[in-house]
Amino acid sequence: MQNAEIADALTELATLYELDGAVRYRVLAYREAARVIRQSPVSVAELAREGRATELPGVGKTLETKIAALLDDGEIPAAAKLKAKFPPSLIEVTLIPGLGAKTARRLYDEAGIESLDGLREAAEDGKLRDLKGLGERAEQNILAALERLATEGPAERLLLSEVLPVAEQLAETLRAHPASEAVTVAGSARRWAETCKDVDLIATASDPAALAGTLSEHPLAATAGSSGSSGARIVTHNGVKVDLRIVAPEAYGNLLQHFTGSKEHNVELRERAVRMGLSVSEHGILEAESGESARYATEAEVYERLGLAYVEPELREGRGEIAAAERGELPELVEVGDLRGDLHCHTTLSDGKSSLAEMAQAAQDRGYEYLAVTDHSATHGFGDHVTADDLRRRIEEVAELNQKLGTEDFRVLAGSEVNIQTDGSPDYPDELLAELDWAIGSVHTSFRISRAEMTKRIVAAVEHPLLDCIGHLTGRLIGRREGYEVDVEKVFEAAAANGTMIEINANPNRRDLRESHATLAADAGVWICVNTDAHRAASLEFIGYGIATARRAWLTADQIANTRGWKQFSGMRKRAK
DNA sequence: GCCGTTTTCGGCCCGACTGTTTTCAGTCG
């Protein structure tokens with residue numbers, strides 16, 4: 001059973017308990033455990049079988065027993081019992097914005113509402129207004145929410161790459177306004193999370209109302225909400241919700257820290273502050289004893305007041321960064337500027353949109369020392385495959401291009417992204433692979449084989465002496481496709497033993513290795529390389545998303561192979577050994 | 001239900017907003 005399935009079951013049980021009126025903290029404990037399990041890089045099912053699930057923070061004896069029952073019987077007895085007590089379709093009702101478990105339970109007890117259909121009927125018949133605490137306004141809001149759900153489906157999170165360009169463009173416009181003093185993109189976009197729900201902009205300005213008006217009147221705004229001296233709210237034409245909050249410069253650090261999040265980071269920060277006799281909010285830090293409140297212009301001062309080293313936004317996820325900041329043991333994170341080359345891209349030879357020369361030029365423009373051109377291989381399909389003869393010609397073309405460039409400072413590597421076939425073998429003969437400068441092995445077919453077979457398949461590729469690197473290890477597409485099942489720990493163990501690199505694919509749809517796997521791989525001693533998988537010259541820019549994943553995985557430049565210059569990197573390739 | 005610079009019980013973040021209500025509970029981020 002996958003971690004996500006266990007997490008889903010615990011989340012459902014949390015809501016069932018909440019509907020049943022359990023104490024708040026029990027519900028919170030189940031939700032927190034679900035979060036930790038969802039994020040875990042290792043199989044929680046395996047941990048539970050070994051009786052080690054309690055090693056996860058937030059999982060105690062009780063939860064371990066419940067997970068074991070879920071694995072053995074496919075359900076948790078407590079959940080089954082509660083589902084007999086009231087209709088489980090009541091859970092859907094709690095998903096309507098503005099309705100929670102308390103209200104849902106009262107709708108059931110007092111109006112016999114069991115589901116979204118029942119809720120709609122009652123609202124249309126004007127029956128909800130009879131319940132204490134609800135009125136006509138609530139009826140209208142519920143009907144509007146049901147309508148939105150029917151037409152738009154559940155609110156989905158947007159890919160960071162859909163949100164970040166919009167956020168940056170809006171921030172740039174605001175920065176250019178004469179009344180603006182500082183504007184920062186905050187929230188999950190600042191943390192470079194995989195997906196975002198909305199955009200938070202934090203600003204300070206000499207004329208706040210004027211700055212807020214600028215956002216409301218921005219051409220990207222499809223609809224504008226209220227706008228005043230404290231901020232403004234818009235929805236862009238591509239459906240991104242944007243909140244601008246404007247604050248006095250003295251408290252800019254407090255507000256920025258608060259709205260950068262994450263929620264989990266902030267909760268942990270505030271809990272720690274309480275133990276120090278301090279109360280932290282977006283407005284400042286209050287000392288309980290003296291009653292004195294302090295405001296800070298910068299985030300660094302906020303962290304300093306709490307006895308912590310500055311925490312980079314990408315680390316603020318409640319994954320131990322506060323404890324590390326306290327000990328002064330936060331890693332010095334890798335940066336985009338540390339990279340010396342990109343080792344995965346495509347050209348018009350397979351499914352890319354730019355030529356070999358255009359890709360090389362773009363890499364030189366970025367200041368790289370090397371670019372591996374890795375078009376798809378012989379069995380790729382879609383008419384985009386590259387035959388063995390095509391590849392031999394490509395090797396010659398690359399040699400000619402390098403000669404023409406005539407510099408020691410930059411070189412193109414003749415490479416390939418080779419399909420790992422179902423039996424784990426590459427789809428070019430070894431003699432041809434040996435002529436390449438660089439080869440990546442990737443899985444592009446037969447995703448649905450068993451976890452054991454997939455693990456065996458990829459480990460075989462890892463052990464192949466002429467595959468230098470494994471591409472997009474799990475094949476996931478964020479929000480669209482789960483990755484294939486594979487025992488990543490076994491793969492990393494083999495990769496470390498064989499000197500096979502594993503990439504962080506920077507494509508914002510992939511970001512694969514995901515961050516928890518990247519941490520695990522680096523800890524296992526695997527060389528990571530961060531590559532774009534660019535299919536056009538402009539897409540070399542996507543490297544920022546891959547570096548963000550590396551940073552969110554706590555990685556330093558040291559742990560990334562392609563931060564080395566060519567001389568050193570060339571010797572680190574498996575084929576060079 | 002979890003956890004320990006308040007260790008095996010008694011705590012467990014902070015504030016804004018909403019809709020309903022004359023002081024607040026529920027929900028949300």
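A note on names: the letters A, B, ... follow the listed sequences, proteins ahead of strands, and every chain is numbered from 1.
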### Message
Could you tell me how far apart A/Glu139 (CD) and B/dG19 (P) are, to the nearest whole angstrom?
### Response
13 Å
### Task
Check whether any side-chain nitrogen or oxygen of A/Ser279 sits under 4.0 Å from OP1 or OP2 of B/dC13, and answer yes or no.
no
### Task
Using the C1' atom as the reference point in each nucleotide, state the distance between B/dC24 and B/dC9 in Å, no decimals.
31 Å
### Query
NA contact type, A/Val59, heavy-atom cut-off 4.0 Å: base, sugar-phosphate, or nothing?
sugar-phosphate
### Summary
In Watson-Crick or G-U wobble terms, with both distances under 3.5 Å, the base opposite B/dT8 is none
### Query
Can you list every pair that meets ring pair (Phe, Tyr, Trp, His ring centres under 6.0 Å) and has a residue in residues 7-56 of chain A, with sequence neighbours left out?
A/Tyr17-A/Tyr30
### Message
In whole Å, measure the gap between the C1' atoms of B/dG11 and B/dA16 for me.
### Response
25 Å
### Query
What's the CZ-C1' distance between A/Arg24 and B/dC12, to the nearest Å?
9 Å
### Message
Is the positively charged end of A/Arg305 above the ring of A/Tyr296, judged by distance under 6.0 angstrom from the centroid and angle within 45° of the axis?
### Response
no
#### Entry: For atom CZ of A/Arg26 and atom C1' of B/dG10, their distance in whole Å
17 Å
### Query
With a non-hydrogen cut-off below 4.0 angstrom, is A/Leu63 in contact with a base, only sugar-phosphate, or nothing?
sugar-phosphate
### Query
Stacking check: are the rings of A/Tyr25 and B/dC2 less than 5.5 Å apart at their centres and under 30 degrees in tilt?
no
### C1' gap between B/dC13 and B/dG29, integer Å
12 Å
### Message
Using a 4.0 Å heavy-atom cut-off to protein, can you give one letter per nucleotide of nucleotides 22-29 of chain B, 5' to 3': B if the base is in contact, S if only the sugar-phosphate is, - if neither?
### Response
----SSSB
#### Entry: Spacing of A/Leu269 atom CG relative to B/dC13 atom P, expressed in whole Å
13 Å
### Protein-nucleotide distance (A/Leu128, atom CG; B/dT20, atom P), rounded to Å
11 Å
#### Entry: Distance, P atom - from B/dT5 to B/dG1, rounded to whole angstrom
23 Å
### Message
Using a 3.5 Å distance criterion without hydrogens, assess whether the side chain of A/Glu321 forms a donor-acceptor pair with backbone atoms of A/Glu317.
### Response
yes
### Task
Can you see which heavy atom on A/Arg295 is nearest to which on A/Ala248, and at what distance?
NH1-CB, 4.5 Å
### Query
A/Arg511 and side chain to side chain contact (heavy atoms under 4.5 Å, CB included): which partner among A/Leu160, A/Leu159, A/Leu477, A/Ile504?
A/Leu160
### Message
Please classify the nucleic acid contact of A/Val280 as base, sugar-phosphate, or nothing, using heavy-atom distances under 4.0 Å.
### Response
sugar-phosphate
### Message
Taking only the C1' atom of each, what is the distance from B/dG10 to B/dT18 in whole angstrom?
### Response
33 Å
### Query
How is A/Val274 classified with respect to the nucleic acid when contacts are heavy atoms under 4.0 Å: base, sugar-phosphate, or nothing?
sugar-phosphate
### Task
Determine the contact category for A/Asn141: base if any of its heavy atoms lies under 4.0 Å from a base atom, sugar-phosphate if only primed atoms, P, OP1 or OP2 are that close, otherwise nothing.
sugar-phosphate
### Message
Between C1' on B/dG10 and CZ on A/Arg275, what's the gap in Å once rounded to a whole number?
### Response
15 Å
### Task
Could you say whether A/Val27 or A/Gly135 is positioned toward the 5' end of DNA chain B, judged by the nucleotide with the nearest heavy atom to each?
A/Val27
### Task
To the nearest Å, give me how far apart CD (A/Glu264) and P (B/dC14) are.
16 Å
### Message
Hydrogens and angles aside, do A/His258 and A/Ser281 bring a side-chain donor and acceptor to less than 3.5 Å of each other?
### Response
no
### Task
Return the nearest nucleotide to the side chain of A/Val267; candidates are B/dG1, B/dG15, B/dC13.
B/dC13
### Message
Regarding A/Glu136, tell me which of base, sugar-phosphate or nothing describes its non-hydrogen contacts under 4.0 Å with the strands shown.
### Response
sugar-phosphate
### Query
If the P atom of B/dC12 is compared with that of B/dT6, how far apart are they to the nearest Å?
12 Å
### Query
A/Ser281 side chain N/O closer than 4.0 Å to the phosphate oxygens (OP1, OP2) of B/dC13?
no
#### Entry: Salt-bridge contact A/Arg233-A/Asp243 (side-chain N to carboxylate O under 4.0 Å)
yes
### Message
Can you see whether A/Tyr303 engages A/Gln257 through a side-chain donor-acceptor pair at a distance of less than 3.5 angstrom?
### Response
yes
### Query
Within the structure, does a side-chain N or O atom of A/Tyr30 lie under 4.0 Å from either OP1 or OP2 of B/dG1?
yes
### Query
Given atom CG of A/Asp130 and atom C1' of B/dT20, what is their separation to the nearest angstrom?
15 Å
### Task
Could you give the distance separating B/dG15 and B/dT21 at their P atoms, to the nearest angstrom?
27 Å
### Query
Starting at the 5' end of DNA chain B, which residue's closest nucleotide do you reach first, A/Lys61 or A/Asn266?
A/Lys61
### Task
Would you check if there is a donor-acceptor pair between the side chains of A/Arg316 and A/Asn266 at a distance under 3.5 Å?
no
